[in-house]
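Taking it in order: structure first as structure tokens, then the write-up.
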2 protein chains.
Amino acid sequence: MQARAIALLRGENARMTHARKAIVDLVFSVNSPISAISVLKGLAKKDIGVNKTTVYRELSYLVKSNILKEVFIKPNSIHYESALLPHHHHLICNNCGSVEEVDCVINERKLLQKIKSKGFDLKTHKFELYGTCASCS
Amino acid sequence: MQARAIALLRGENARMTHARKAIVDLVFSVNSPISAISVLKGLAKKDIGVNKTTVYRELSYLVKSNILKEVFIKPNSIHYESALLPHHHHLICNNCGSVEEVDCVINERKLLQKIKSKGFDLKTHKFELYGTCASCS
DNA sequence: CTTCATGCAAATCTTTTGCACGAAT
DNA sequence: ATTCGTGCAAAAGATTTGCATGAAG
């Protein structure tokens with residue numbers, strides 16, 4: 001997966017700096033959406049010194065380059081995940097905050113079945129649709 | 001609708017202060033999710049002097065009282081809408097940021113049909129599921 | 001009169017910006 | 001060499017907190 005990200009970056013003549021590589025590696029290695037601050041802490045823990053500003057700028061850059069995606073699952077903190085994963089949804093625990101992926105299901109029966117099979121007690125869901133409204137197109 | 005909100009508030013012996021009433025009135029009168037800052041500005045425009053802190057505290061209080069709901073449709077800004085509305089989803093324009101409600105649709109055919117009938121050009125959607133995960137229950 | 005709500009200022013947290021320096025090609 | 005990336009410090013935007021005053025029941 002990282003290989004494909006690296007290939008995409010080369011495609012737009014991005015320089016392969018140590019910060020860029022470390023950030024891509026980290027975001028791709030965790031299995032759920034991660035915030036800029038968690039990236040910062042994660043890098044620090046690996047003794048990779050990357051500045052906060054660089055982390056924010058790099059994450060934005062990677063979103064623009066279609067390597068990462070923004071995920072708004074928590075208030076007031078943008079999370080990022082690989083944009084190269086197949087389309088999926090998230091199961092977010094109200095209690096511990098854990099985020100688990102489920103592949104795209106639009107059919108209710110299939111959805112409920114999938115969720116039950118994971119032992120997840122569904123309380124609410126949000127289905128936000130993005131695009132261009134009639135008056136803008 | 002406001003009447004039911006007022007009734008709920010009386011139910012928990014909340015004091016009917018002018019700030020509380022003005023905030024409930026405002027949030028219920030706009031037709032899409034609104035941020036704390038927009039509430040603040042909206043009240044100012046009506047020459048209702050309510051402090052920023054009060055707005056934030058009141059919105060939290062109304063969420064806790066199940067009169068309002070938090071909606072995370074934009075990064076880094078919590079929006080609020082009536083919790084008394086029937087379950088619905090949102091059509092969010094990437095261009096102008098407008099938010100339009102659509103009632104709950106889980107069936108894809110029905111969904112695509114509803115969206116097309118509104119002239120909305122769907123690009124992406126987010127379906128976030130909240131509840132309790134297996135290890136927490 | 002007593003509990004609850006408010007205002008103000010300051011703090012906190014996340015993210016952005018300006019500018020000068022440093023590194024990759 | 002030139003362009004792109006980085007660090008630092010400071011600013012900006014959203015939200016929270018502490019504390020003292022004020023209003024509703």
Nearest-Å distance for atom pair CG/C1', residues B:Leu40 and C:dT6: 14 Å
Does the side chain to side chain contact (heavy atoms under 4.5 Å, CB included) test come out yes or no for B:Asn31 and B:Val99, once each step is laid out? CA-CA 9 Å; B:Asn31 49 357; B:Val99 179; over 6 Å; no
A correct 5'-to-3' footprint of nucleotides 10-18 of chain C, with B, S and - meaning base, sugar-phosphate only and no protein heavy atom under 4.0 Å, is ----SBBBB
For residues 8-21 of chain A, run the donor-acceptor check on the side chains, cut-off 3.5 Å, and write out each pair with its distance to 0.1 Å, sequence neighbours left out.
unit_1  : atom_1 : unit_2  : atom_2 : d
A:Glu12 : OE2    : A:Tyr61 : OH     : 3.0
A:Glu12 : OE2    : A:Ser65 : OG     : 3.0
A:Thr17 : OG1    : A:Arg20 : N      : 3.2
A:Arg20 : NE     : A:Glu58 : OE1    : 3.4
A:Arg20 : NE     : A:Glu58 : OE2    : 2.5
A:Arg20 : NH1    : A:Arg15 : O      : 3.0
A:Arg20 : NH2    : A:Glu58 : OE1    : 3.1
A:Arg20 : NH2    : A:Glu58 : OE2    : 3.3
A:Lys21 : NZ     : A:Asp25 : OD2    : 3.0

Kindly determine whether A:Ile67 and A:Phe28 satisfy side chain to side chain contact (heavy atoms under 4.5 Å, CB included), including the steps that lead there. CA-CA 10 Å; A:Ile67 289 160; A:Phe28 275 68; 3.8 Å; yes
Counting distance only, does the side-chain N/O of A:Ser77 pair as donor-acceptor with the main-chain N or O of A:Lys74 below 3.5 Å? no
Residue pair A:Val39 / A:Leu26: nearest heavy atoms and the distance that separates them: O-CD2, 3.5 Å
Nearest-0.5 Å distance, OH of residue B:Tyr80 to OG of residue B:Ser60: 5.0 Å
Any salt bridge (Lys or Arg N to Asp or Glu O under 4.0 Å) pairs touching residues 39-57 of chain A, not counting sequence neighbours? none
Let me see the working for B:Val71 and B:His90 under side chain to side chain contact (heavy atoms under 4.5 Å, CB included), right down to the final yes or no. CA-CA 10 Å; B:Val71 182; B:His90 297 109; 3.9 Å; yes
Set of side-chain contact (heavy atoms from CB on, under 4.5 Å) partners for A:Asn51, sequence neighbours left out: A:Thr53, A:Thr54
Using the test ring pair (Phe, Tyr, Trp, His ring centres under 6.0 Å), find all partners of B:His79 that sit at least two apart in sequence or belong to another chain. none
Please list, pair by pair, any protein nitrogen or oxygen found under 3.5 Å from a nitrogen or oxygen in nucleotides 2-5 of chain C.
unit_1 : atom_1 : unit_2  : atom_2 : d
C:dT3  : O2     : B:Arg15 : NH1    : 3.0
C:dT3  : O2     : B:Arg15 : NH2    : 2.4
C:dC4  : O4'    : B:Arg15 : NH1    : 3.2
C:dC4  : O4'    : B:Arg15 : NH2    : 3.2
C:dC4  : O2     : B:Arg15 : NH1    : 3.0
C:dA5  : OP1    : B:Arg20 : NH1    : 2.8
C:dA5  : OP1    : B:Arg20 : NH2    : 3.1

Could you list the residues that satisfy side-chain contact (heavy atoms from CB on, under 4.5 Å) with A:Asn66, not counting sequence neighbours? none
Rounded to whole Å, CE of A:Met16 lies from C1' of C:dT25 at a distance of 14 Å
Going through the distances and angles, do B:Leu68 and B:Leu84 end up as a side chain to side chain contact (heavy atoms under 4.5 Å, CB included)? CA-CA 8 Å; B:Leu68 298 184; B:Leu84 310 180; over 6 Å; no
Earlier contact from the 5' end, DNA chain D, for B:Arg10 and A:Gly49: A:Gly49
Compute the bend angle of the helix from C:dC1-D:dG25 to C:dT25-D:dA1 from the end axes (five pairs per end), rounded to 10°. 30°
Chain B footprint on DNA chain D, 5' to 3' - any atom under 4.0 Å from a heavy atom: D:dA14 to D:dG25
B:Ser35 OG to B:Leu59 CG distance, which is reported to the nearest 0.5 Å: 9.0 Å
